[in-house]
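Working notes for the structure below.
Both backbone and side-chain heavy atoms feed into the values below; hydrogens, waters and symmetry mates do not. Because the structure is a prediction, the values reported are computed rather than measured.
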Amino acid sequence: MRTIPIALFAAAALVALAGCSSDEPDAASGSGGVEQGAPPTATEQTFEPGRQIAVELTMLSSADGGRSTSFFSGYRPTIEFEYEEQSTECYAQLPVDLREFPPGETHRIGLECDSEILAHPETPGFRVLEGGEETGTGVVVFTGG
């Protein structure tokens, strides 16, 4: 008959216990631990000047009071973000497969702003302004990480 060393048995017992949770209530939630599948808490995200912000942008057509011509990468409108009513000039960066952005269309693009921007998933909207007139609307696209 073969015997198992006590140290090996003790190590196996510790590994088995590591996966167990306490039955004591969590002080913050009053429950027995973290809920499985609970959504992460929405938090604001900071974008420093020059850091690209992914956005879903819709440019208004001239019939809707917007632009009558397309724009290209390098377009620098004023952007008014809903969250904390921030306003700054931003540089538009179109994706490689989008040569120009025609009025009346919606696309995902990048914005690089001149000022630090705070964005929040509960208030992701913004307006595009040219000469004080709204020419587009959009939302910040939040990705994991």
- Query: Can you check whether Thr46 reaches Ile117 side chain to side chain, under 4.5 Å on heavy atoms?
  - Reply: no

- Note on the structure: By salt bridge (charged side-chain N to carboxylate O under 4.0 Å, His left out), Glu130 pairs with (sequence neighbours left out) Arg67

- How many angstroms lie between CZ in Phe47 and CD in Glu112, if you round to the nearest 0.5 Å? 12.0 Å

- Query: Is it the case that one hydrophobic cluster holds both Leu60 and Val139, taking links as side-chain heavy atoms less than 4.5 Å apart, direct or via other members?
  - Reply: no

- Task: May I ask you to list the residues sharing a hydrophobic cluster with Tyr83, side-chain cutoff 4.5 Å, ordered by chain and number?
- Result: Leu118

- Smallest separation among heavy atoms of Gly74 and Tyr91, with atom names: CA-CE1, 3.2 Å

- For Ser115, which residues count as a side chain to side chain donor-acceptor pair (under 3.5 Å) partner, sequence neighbours excluded? Thr88

- Message: Between Ser87 and Phe81, is there a side-chain heavy-atom distance shorter than 4.5 Å?
- Response: no

- Item | Listed partners of Glu89 passing side chain to side chain donor-acceptor pair (under 3.5 Å), at least two apart | Arg76

- With sequence neighbours excluded, residues passing side chain to side chain donor-acceptor pair (under 3.5 Å) with Ser68: none

- Message: Are Phe71 and Met59 packed together at the side-chain level, in the sense that at least one heavy-atom pair is separated by less than 4.5 angstrom?
- Response: yes

- Kindly indicate, with the supporting measurements, whether the criterion side chain to side chain contact (heavy atoms under 4.5 Å, CB included) is fulfilled by Leu129 and Ile79. CA-CA 6 Å; Leu129 302 173; Ile79 306 292; over 6 Å; no

- Could you name each residue pair satisfying disulfide bond (SG atoms under 2.5 Å apart) that touches residues 47-106, not counting sequence neighbours? Cys90-Cys113

- Message: If you define the side chain from C-beta out and look only at heavy atoms, does anything of Glu80 sit under 4.5 Å from Glu85?
- Response: no

- Query: To the nearest 0.5 Å, what is the distance between CD (Glu122) and OG1 (Thr43)?
  - Reply: 10.0 Å

- Any pair counted as side-chain hydrogen bond (donor to acceptor under 3.5 Å, both in side chains), so long as it reaches residues 131-141, sequence neighbours left out: Arg127-Glu134

- Note on the structure: In short, Pro49 meets Asp114 closest at the heavy-atom pair CB-O, 3.6 Å

Enumerate donor-acceptor pairs with a distance under 3.5 Å from any side-chain N or O in residues 94-110 to protein atoms, sequence neighbours excluded.
from	atom 1	to	atom 2	distance (Å)
Glu100	OE2	Ser70	OG	3.0
Glu105	OE1	His107	NE2	2.7
Thr106	OG1	Thr58	OG1	2.6
Arg108	NE	Glu56	OE1	3.4

- Query: For the residue pair Phe126 and Leu57, what are the closest heavy atoms and their distance?
  - Reply: CE1-CD1, 3.9 Å

